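Sequence lines set the chain letters: A, B, ... in the order given, protein chains first and strands last, and positions in each chain run from 1. Because the structure is a prediction, the values reported are computed rather than measured.
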Amino acid sequence: MSGPLLEGRDITVRFGRGADAFEAVRDASLTLHPGEIVGVVGESGSGKTTLARVLVGLQQVASGAVFLEGQPVVEARSRESVPKNERWKVQMVFQDPYSSLNPRMRAWSAVAEALQVWREMTRNQARMEAFTLLQSIGIDESQARRFPKALSGGQRQRVSIARALAPEPKVLIADEPTSAIDQSAQARLANLLRRLRSERNLAILFISHDLALVRYLTSRVHVMRRGRIVESGPTEAVLRKPRHSYTRILLDSLPGRRGEAISNRRGEAISNRRQERRFPAADGSGGF
Amino acid sequence: MEAESPILRVENLCIGVPRRRRGLLSIVDTADFQLRRHQALGVVGESGSGKTMLCRALMGTLRRHGAGVASGRILYRERDLAGAGEKVWRRIRGRRIGYVPQSSLAGLNPVLTVRTQLTEAIHAAREASATEAEDQALQLLELVRIPRSGQVLEMRSHELSGGMRQRVMIAAALAQEPEILIADEPTTALDVTIQREILNLINRLRERLKMALIFVSHDLAVIEEVCDSVMVMYAGASVEIGPLEAVVRHPRHPYTRALLASRVDLAVPGEDLETIPGDPASVGAWPSGCRFRPRCPLAEDDCREGVQPPLAPAGLQRTACLHHDRMGCDP
């Protein structure tokens with residue numbers, strides 16, 4: 001087997017200096033191979049977003065390094081970020097689809113701009129390609145002509161993905177891409193990510209606090225807490241038999257029937273809890 | 001035992017925003033449900049379905065948002081509040097119907113201490129001396145299980161974590177011992193472990209204080225944790241309402257079924273999730289007849305006629321679907 005496409009090795013990110021220094025990420029290592037979706041789960045402040053920013057070269061590291069196809073692209077003490085001619089390979093989709101698109105550019109032109117920059121297309125070529133690309137992820141022509149504010153959250157997020165796909169990257173880093181959108185749009189986006197993985201052999205790092213989504217989408221998962229990766233492994237194994245107490249707490253916190261699908265132990269806990277709760281007497285007639 | 005009469009009945013409620021020249025723009029049309037004592041009703045729907053506007057109508061704050069009740073009734077203990085003025089609402093809002101907003105910095109006043117905000121709420125409810133009010137404020141913080149309540153009393157909202165802030169907002173809503181608590185997406189922005197604590201807290205408080213609850217969320221899984229019945233809204237209308245178990249196990253509206261089918265928590269990895277074709281009907285562009293019709297696998301010609309169908313009994317619940325009898329029973 002060839003080496004990983006993207007690798008983060010012993011990454012530490014420190015904010016501030018001296019006694020006040022805060023380590024947002026500490027000794028985090030992960031790898032990403034072509035055609036796989038890897039999850040990073042954790043709560044707010046766990047360092048997931050900082051780690052993502054390191055991997056795309058938006059954040060300097062205190063120690064550790066990032067390797068892209070075996071070559072170091074991010075290193076400690078280096079002022080240089082990822083070399084310009086390598087940047088197209090790793091693209092990022094941000095959490096908030098409201099702030100990641102230029103409100104004054106129509107959907108198609110936001111995508112066309114990226115195509116012009118990355119693929120050196122002419123204006124006309126880029127325009128045609130933008131419509132085709134948007135079409136392929138479920139944004140039709142009339143929607144593509146709209147401004148971001150006239151699109152729903154899910155549509156906007158798909159436009160952001162189209163923009164990230166413009167340079168035909170090898171890696172997509174998706175930072176909580178589904179947390180700001182409705183459930184049915186979430187399902188559509190999850191299907192899209194799976195399709196991109198299989199059709200384009202794209203490697204996807206899927207960062208989320210939603211264990212149910214991570215379980216559905218990813219083959220391997222890293223659990224982060226306070227800047228450290230506390231547990232890693234195949235998703236099914238980690239979620240079925242969590243070794244770290246924090247992973248177990250995360251699983252037990254899932255609302256509704258989410259946990260039931262993951263572990264039976266958890267299912268029992270829920271049905272017990274549900275029986276304890278008093279249901280008002282169903283009088284059949286007056287209720288509904 | 002005699003069936004208890006509901007404390008809140010919302011009948012064919014329509015909410016609109018006045019438009020320049022062209023009359024009213026409907027944003028909720030129609031909401032229809034009732035709430036009995038101790039009942040916990042979940043309201044689920046996607047953005048733009050009218051959930052938040054419904055909450056505002058029940059709190060009498062529509063006017064502040066440039067909207068108003070166009071028709072229908074909001075019967076609180078048999079008294080119609082739909083057309084009530086601010087004077088009436090001031091006696092209801094907070095006192096009879098409490099409100100917990102979405103967790104955010106905006107829910108609390110950033111320049112006032114927790115003490116000030118809680119004692120203000122207590123004074124609004126009843127005559128109390130300063131010491132009495134302070135004692136009660138401490139009790140409220142203990143009720144919502146805030147440790148070191150004495151210290152927290154002196155803090156301002158930016159010094160509190162998201163979970164603590166939400167607890168303080170719940171405490172403030174409980175200060176006047178409301179009969180009905182309305183919570184609008186109270187855990188949406190919180191981490192799962194904090195969400196779990198808040199949901200447990202709401203369950204315990206409901207048990208202890210015997211409140212009725214209206215819990216609004218876009219997440220059915222969260223509603224399953226705290227509610228015993230659920231109302232599904234689509235494009236401003238109530239499309240299905242009934243006991244939680246019945247609605248989740250045997251949905252009687254195609255939209256409810258589609259929502260359940262797109263749930264990732266119940267999906268099998270490796271299989272595509274079911275999605276609803278098309279996009280949600282947006283306000284001002286609702287189709288004729290049933291609003292879900294353009295996206296519905298069961299739609300027939302009669303679905304396009306007239307207005308949104310009203311809720312009609314079906315099984316244990318009520319549904320707005322004209323063809324629910326053709327639905328299989330499993331989600």
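- B/Asp265 contributes atom CG, which lies 7.5 Å from atom CD of A/Gln183 (distance to the nearest 0.5 angstrom).
- Proximity to chain A (any heavy atom under 4.5 Å) is shown, for B/Glu197, by neither the backbone nor the side chain.
- A/Arg215 approaches B/Ala267 most closely through the heavy-atom pair NH2-O, 2.7 Å.
- To the nearest 0.5 Å, the span separating CG on A/Leu192 from OG1 on B/Thr275 amounts to 11.0 Å.
- Enclosure of atom CZ in A/Arg226 is not indicated, since only 12 or fewer non-hydrogen atoms of other residues, nucleotides or ligands lie within 6.0 angstrom.
- Ranked by non-hydrogen atom pairs under 4.5 Å with chain B, the options A/His209, A/Arg188, A/Arg194 are led by A/Arg194.
- Summarising the geometry of A/Ser184 relative to B/Ser262, their closest heavy-atom pair is CA-OG, 4.2 Å, with the distance given to 0.1 Å.
- The minimum heavy-atom distance linking A/Ala190 with B/Leu273 is given by the pair CB-CD1, 3.9 Å.
- Annotation: the span from B/Thr193 atom OG1 to A/Leu251 atom CG amounts to 12.0 Å, rounded to 0.5 Å.
- Enclosure of atom CZ in B/Arg145 is not indicated, since only 12 or fewer non-hydrogen atoms of other residues, nucleotides or ligands lie within 6.0 angstrom.
- To the nearest 0.5 angstrom, A/Leu250 atom CG is 12.0 Å from B/Arg196 atom CZ.
- For the set B/Leu199, B/Ile194, B/Val192, the entry with the most heavy-atom pairs within less than 4.5 Å of chain A is B/Val192.
- When all heavy atoms of A/Ala185 and B/Glu46 are compared, the closest pair comes out as N-OE2, 4.5 Å.
- When each of B/Ile276, B/Leu220, B/Leu311 is checked for heavy-atom pairs under 4.5 Å with chain A, B/Ile276 comes out on top.
- Heavy atoms from other residues, nucleotides or ligands lying under 6.0 Å from CD of A/Glu36 number more than 12.
- Using a 4.5 Å cut-off between heavy atoms, A/Ser44 contacts chain B through both its backbone and its side chain.
- Open room surrounds CZ on A/Arg243; 12 or fewer heavy atoms of other groups in view lie less than 6.0 Å from it.
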